[in-house]
Every structure is written in C-alpha cells, then in structure tokens.
Number of protein chains: 2
Amino acid sequence: MNKTETLDTHLGIAAVERDTGLPKDTLRVWERRYGFPQPSRDAHGERLYPREQVDKLRLIRRLLDQGKRPSKIVTASTDELTRMLGEERNDITNAAPGAAQEALLPLLRGHNSPEVRAVLQQILLKQGLQRFVADTVAPLNVAVGDAWLRGEIDVPGEHLYTEQIHNLLRSAIGARTGPLGHPRILLTTFPNEQHSLGLLMVEAMLTPEGAHCVSLGTQTPLADICNTAAAGSFDIVALSFSAAFPARQAVDSLNELRRLLPPRIAVWAGGAAMRGQERKLPDVRVLASLDQTVEALAEWRRAHA
Amino acid sequence: MNKTETLDTHLGIAAVERDTGLPKDTLRVWERRYGFPQPSRDAHGERLYPREQVDKLRLIRRLLDQGKRPSKIVTASTDELTRMLGEERNDITNAAPGAAQEALLPLLRGHNSPEVRAVLQQILLKQGLQRFVADTVAPLNVAVGDAWLRGEIDVPGEHLYTEQIHNLLRSAIGARTGPLGHPRILLTTFPNEQHSLGLLMVEAMLTPEGAHCVSLGTQTPLADICNTAAAGSFDIVALSFSAAFPARQAVDSLNELRRLLPPRIAVWAGGAAMRGQERKLPDVRVLASLDQTVEALAEWRRAHA
DNA sequence: GATGCGAATTGTCCAGGACAAATACGATGA
DNA sequence: TCATCGTATTTGTCCTGGACAATTCGCATC
C-alpha cells in the first residue's frame with residue numbers, strides 16, 4: 001500500500017512531491033493547464049514521471065522561489081531555464097563580493113567539513129562574536145544561498161554550512177558567563193518559518209551586550225508567543241523572517257501580535273522578508289541589519305533608564 | 001493563496017495534515033467511511049476542523065504508529081483512546097521511571113528557562129555526556145512529548161525544552177578535543193523529517209568514542225545522501241526517525257538507500273519510527289536504543305580491525 | 001512615484017469512484 | 001499446538017474534472 005519509487009527511471013507522484021516540494025495537486029493542475037509535466041502511465045493509469053522531467057521540475061521550483069511566474073517558466077525548455085538561472089547569478093554575485101566566501105565555497109563543494117569548521121573558527125576568533133555574525137555570517141548566508149540556487153553547491157553542502165555555523169554560534173553563546181540582566185528578550189519565529197539561523201544570530205549579537213535572550217526555536221503559534229511573553233515578564237519579543245516568508249503574512253501577523261501584546265512589551269522584527277515593510281508596521285521596530293539590533297538595544301536602555 | 005489557519009479554534013485541511021501527519025486524502029476518506037473526523041464547513045464548503053478533533057486525530061496517529069488498526073480506533077471515543085495510550089505508556093514509564101522529569105516538567109510549565117538550563121546542566125555534569133543522553137534525555141523526550149499530547153505543557157514549553165537540550169549537547173560535543181579517527185559517519189534525516197535532536201544525540205554518543213561524525217542536518221534528499229557518502233569516503237550513513245515519521249516510507253527509503261550505496265558503506269537507522277521494522281530491513285543496522293549505537297560502533301571496529 | 005481597480009493567473013480544495021497492498025481470518029496439514 | 005496458505009476485508013493512495021478565492025498583473029488615475 002505504498003507507491004513512491006517504482007522503477008529506477010520513473011517516480012510516482014508521491015515521490016515527486018517529496019523530491020521537488022511541489023504538491024500533488026499542483027503537479028496535476030500544471031499537467032492539465034500547461035501540458036507539463038507529461039508523465040507516462042502504469043498499467044492502472046497512475047502517473048510515472050521520468051527522471052528528466054523531475055530534474056526540470058526542480059529547476060522550475062528554484063525559479064519559482066525567485067519570484068518567476070509559473071506560466072512563464074513551466075512551458076519553457078530546459079535550456080531556457082538554465083539560462084534564466086545563470087542571469088540571476090550575475091546580479092547577486094556583483095552585489096556581495098565577500099572575502100571569506102571565496103575560501104569557503106570550494107570547501108563546501110568538496111564537503112570538507114573539518115576545513116570548513118577550521119576556517120570559520122579562525123575568522124570567529126579574529127573578529128569576535130558580534131563582528132563575525134554581522135560582517136561574515138550574514139553575507140555568507142546570502143552567498144551560500146545563491147550558490148545553491150545556481151547549482152554550484154548541493155543540498156549537503158548547504159546543510160554542512162548551516163550545521164557548522166549553528167555549532168559555532170551555539171558554542172560561542174554558551175561559553176559566555178556572567179550575569180544576564182535586562183532587558184529580557186523572547187526570540188522565535190512564526191509558524192511556517194523554519195529557519196532558526198536568524199534567531200541564533202540575533203542571540204549572538206545581543207547576549208554579549210548583557211541582554212537576557214530566551215529562544216523558543218522556530219514556529220511558535222501567535223497565541224503561545226503572547227502567553228509566554230506576558231507570563232515570563234519579557235520586555236521585548238523579537239521575530240525573525242527569512243526571504244522565503246511571504247511578506248504580506250508577516251505584516252499581518254506582526255500587527256496582530258502587536259495588538260495582542262501589552263504596550264510595555266516591544267516587538268522587534270528582522271530578516272530578509274522585512275525589507276521595505278517599515279511603513280506598514282507603525283508600532284513594530286523593524287531591524288534592517290544585524291547591527292541595528294545592537295542600536296535598538298541601546299535605544300531601549302536609554303528609554304528605560 | 002494560502003489557507004492553513006483560519007480561526008484560532010478551527011484549522012483548514014492543509015493545517016491538519018501538517019499538524020497530524022495524516023494526508024488530506026486519508027482525512028477525507030476517514031470522514032466518508034467512519035464518520036470521523038466530522039469538520040464543519042466554511043462559507044465555501046471547505047472543511048474546518050475544530051481543535052478538539054485535531055487533538056483526537058493526534059491521539060489516533062500515535063496509536064496507529066503502535067500498530068492499532070484504524071477501524072478499531074477512529075470510531076472510538078477520546079476517553080477510550082487515552083486509556084489505550086495509557087496502557088502503552090505504562091510499559092514505557094515503568095521501564096524508565098525517570099527522576100529528572102518530575103523536577104523538569106513544572107519548570108517547563110512555568111517557562112522558567114534559567115532553571116531548566118541549570119537543572120539539565122547539573123545532571124549532565126554528574127552523568128557525563130553519554131549517560132546523560134541515553135538515560136536522561138531519551139526518556140525526557142518521551143515524557144515531554146506525552147505531556148504536550150495531554151496538554152500539560154504548551155508549545156513554548158516544548159520549544160524551550162528542545163532549545164535547551166540542543167544548546168547543552170552542542171556545547172558538550174564542541175568542547176571535545178583530540179583527534180577524530182574512524183569510522184567516518186554521515187548523520188542526517190530524510191526529507192519530511194524535521195527533528196534534529198535525534199541526530200545530535202547520536203553524535204553525542206559516538207563522538208566521545210572517537211568516531212568522526214559529520215551531520216548534514218535534517219531533510220537531505222536521497223540522491224544527495226548517496227553522493228556525499230561516496231564523495232566524502234564515509235564508512236557509515238546513519239539516519240534518524242522521529243515517531244511522527246511514517247514507518248512505511250522510512251522502510252522504503254532505507255531499502256532504496258541501501259541499494260544505491262556501495263556495500264562497503266553501512267546504513268544505520270534509529271529512532272521511534274524504527275520499532276519493529278527490523279524484519280523489513282535485512283541489510284540495515286536498526287538501532288533500537290541509543291546504547292546500541294555504541295555497540296554497533298564496537299562491532300564495526302571489530303569487523304574492520 | 002504612489003494608489004486603486006478590473007482581469008488574468010494560480011494553488012488548493014471538493015466529490016466520489018477505483019484499486020492494489022496490507023492485514024485479518026479461517027482452513028488445512030505437520 | 002503451531003506453522004502455512006488461500007480468501008475476504010480493510011485501508012491508503014490515486015484518479016478526473018470542476019470550482020473558487022487569493023495573488024498578481026496591467027493600466028488608468030491621482
């Protein structure tokens with residue numbers, strides 16, 4: 001009672017959903033509307049997707065994440081798709097030259113985890129935790145994400161990077177001793193946001209400043225955030241949003257959260273999805289960069305001296 | 001174009017799939033056949049599941065994972081279900097009476113993060129990393145999961161627990177110095193498996209033994225696992241499965257992975273979803289407990305001496 | 001440039017039927 | 001009593017084709 005892989009070269013619809021992240025319903029409706037994908041059928045009329053079509057679906061998925069529209073890309077040829085992906089590369093690579101990434105990307109491609117760790121560790125020691133996070137990790141995240149997008153590193157390479165950064169930051173934060181004071185800051189993300197690296201980076205920026213950060217991890221329901229913030233006598237609730245998070249939903253949820261929380265608790269929001277949303281969030285402190293977290297902390301302390 | 005949560009008390013079918021792990025098709029066919037769940041409808045005829053029915057579905061999911069048959073449990077009352085679950089629980093709770101959990105659960109209810117951390121840290125120091133993971137963290141995971149299921153702790157409480165364990169284990173693993181030798185072990189999970197705690201626990205068991213663990217984090221596609229394992233000259237690929245992971249899918253994917261990898265690379269699989277799957281996995285080393293990871297490592301070394 | 005509004009696009013849901021894999025059950029033989 | 005085998009039931013997943021609301025586009029207006 002279980003389909004998934006049928007032959008080596010053909011996958012069932014469930015397997016394709018798993019591999020590409022495109023829901024079954026979407027795969028069927030694309031076939032109906034655009035004529036692609038066009039899977040063959042087994043003896044019972046069930047769809048069997050050839051590997052090449054699955055590969056193309058993965059390309060489409062990448063472009064979709066970049067904001068392209070399905071009608072423009074689903075019907076395009078594989079060549080056109082790879083060309084489009086190539087164009088994206090230029091825009092971004094120019095924008096973020098970066099220094100460490102040139103050393104790191106080849107290591108990630110080779111899955112050389114000890115070296116990756118060593119290189120990062122060395123930079124961390126030289127720069128100190130806060131500069132490391134703001135000046136190295138933040139641009140590296142962009143560079144690694146881009147490299148993945150244009151296929152220069154694979155999923156394991158990206159995982160390896162994330163994993164090592166996690167390790168490093170957690171150890172560094174954990175190594176800090178001394179009393180934790182004020183303000184008390186609650187860190188988390190909304191449901192549907194799975195990226196925890198942003199939270200960790202904020203924690204790494206604020207803990208050395210003597211703030212008392214408590215991270216709830218990712219995906220905390222709105223109502224639970226409110227209860228915890230109130231019950232734990234927190235001063236600030238800080239939310240993190242990756243680029244993948246729909247901005248509209250973020251704005252709505254943030255305003256709702258602001259409405260539910262007592263006014264004495266501040267709401268901070270940061271991350272890629274927050275770009276240009278300041279106007280729509282009158283009572284939320286939008287943090288455009290990691291350095292602004294430190295600024296915001298200083299402001300809060302001045303206001304509550 | 002995004003449904004999920006509609007009101008606080010009612011969830012759309014996609015949200016229920018996400019929360020319970022039961023596919024949309026299954027939810028609909030149960031409704032047709034057994035009359036449960038019986039969601040209300042919104043203005044457009046779309047299903048809206050009340051929270052209590054979702055809770056009951058979670059209970060059902062648990063019992064299903066234990067091998068109960070749907071026809072016996074889908075129509076049963078919530079009371080009967082909790083009773084059934086209670087019977088099962090006795091087996092487990094008796095086996096691991098647990099000392100820490102009585103101290104910890106109230107702290108989690110109160111979101112008292114400094115105390116949670118302090119208590120765990122103390123136990124870790126007393127027991128050492130490996131005993132801590134096997135004897136304390138493992139039963140605690142079950143206890144916390146159950147407490148959440150029964151509504152005794154809330155989402156932030158659970159997050160807080162996970163977060164603190166993560167911090168502790170990462171620091172402890174990171175603190176280890178000395179050369180890392182053989183075997184080289186690749187740790188990860190399949191797509192759809194988001195729980196990273198299991199990976200970290202395995203890493204904590206094996207690193208003190210001198211094994212060279214590399215974790216790719218969660219959700220690595222099958223093909224990528226194969227490539228990395230081969231390219232990085234790994235000796236063992238270890239996969240972790242939480243109770244929420246569908247056992248059938250796990251078995252299929254594992255056998256597929258086993259087929260794709262060269263025979264010299266061993267495949268290990270552990271976690272709650274692996275209970276009783278040994279027969280179906282002839283060429284995979286199924287780890288029923290954390291202590292078995294150490295045993296398996298010793299075996300591997302004997303065989304490759 | 002920013003804002004507003006109709007039109008096109010697009011993802012997700014629905015119903016109800018079908019079927020094969022998994023499992024239970026009963027009969028048979030050691 | 002226990003193992004094996006064939007049949008009946010259970011159960012998850014897939015199918016078609018229709019529908020519709022949320023999002024985005026294109027264009028006109030302020």
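The sequence lines fix the lettering, A, B, ..., with proteins before strands; numbering per chain opens at 1. Atoms considered below: every heavy atom in the structure, side chains included; atoms not considered: hydrogens, waters and symmetry mates. No experiment lies behind these values; they were computed from the predicted model shown.
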Quickly work out the [X] [atom1] to [N] [atom2] distance and round it to whole Å.
X: L22(A); N: dG11(C); atom1: CG; atom2: P; value: 9 Å
X: L64(A); N: dT9(C); atom1: CG; atom2: C1'; value: 13 Å
X: R47(A); N: dC14(D); atom1: CZ; atom2: P; value: 10 Å
X: L11(A); N: dC14(D); atom1: CG; atom2: P; value: 12 Å
X: D25(A); N: dC14(C); atom1: CG; atom2: C1'; value: 10 Å
X: W30(B); N: dT11(D); atom1: CH2; atom2: P; value: 9 Å
X: E31(A); N: dC14(D); atom1: CD; atom2: P; value: 14 Å
X: I13(A); N: dC15(D); atom1: CD1; atom2: C1'; value: 9 Å

Per nearest nucleotide of DNA chain C, the residue lying toward the 5' end, R33(A) or K72(B), is R33(A)
Rounded to the nearest 0.5 Å, how far apart are NE2 of H10(B) and CD of E52(B)? 8.5 Å
I need the H195(B) NE2 to T162(B) OG1 distance, nearest 0.5 Å. 7.5 Å
From C-beta outward on [X], which listed nucleotide comes closest to its side chain: [options]?
X: P23(B); options: dT13(D), dC13(C), dC25(D); answer: dT13(D)
X: R28(B); options: dT24(D), dC14(C), dT16(D); answer: dC14(C)
X: R69(B); options: dT12(C), dT9(C), dT10(D); answer: dT10(D)
X: R41(A); options: dG11(C), dC15(D), dG12(D); answer: dC15(D)
X: A14(B); options: dG11(C), dT9(C), dC13(C); answer: dC13(C)
X: R32(B); options: dG12(D), dG17(C), dT9(C); answer: dG17(C)

Assign each of K24(A) and H44(B) the nucleotide of DNA chain D bearing its closest heavy atom; nearer the 5' end lies the nucleotide of K24(A)
Does a side-chain N-to-carboxylate-O contact under 4.0 Å join E31(A) and R41(A)? yes
Any side-chain donor near an acceptor of the partner, H159(A) and T188(B), under 3.5 Å: no
Establish, with yes or no, whether the OP1 or OP2 oxygen of [N] is under 4.0 angstrom from a side-chain nitrogen or oxygen of [X].
X: T26(B); N: dT13(D); answer: yes
X: Y34(A); N: dT9(C); answer: no
X: S71(A); N: dA8(C); answer: no

Report yes or no: does Q53(A) contribute a side-chain atom to a donor-acceptor pair with the main-chain N or O of P50(A) at less than 3.5 Å? no
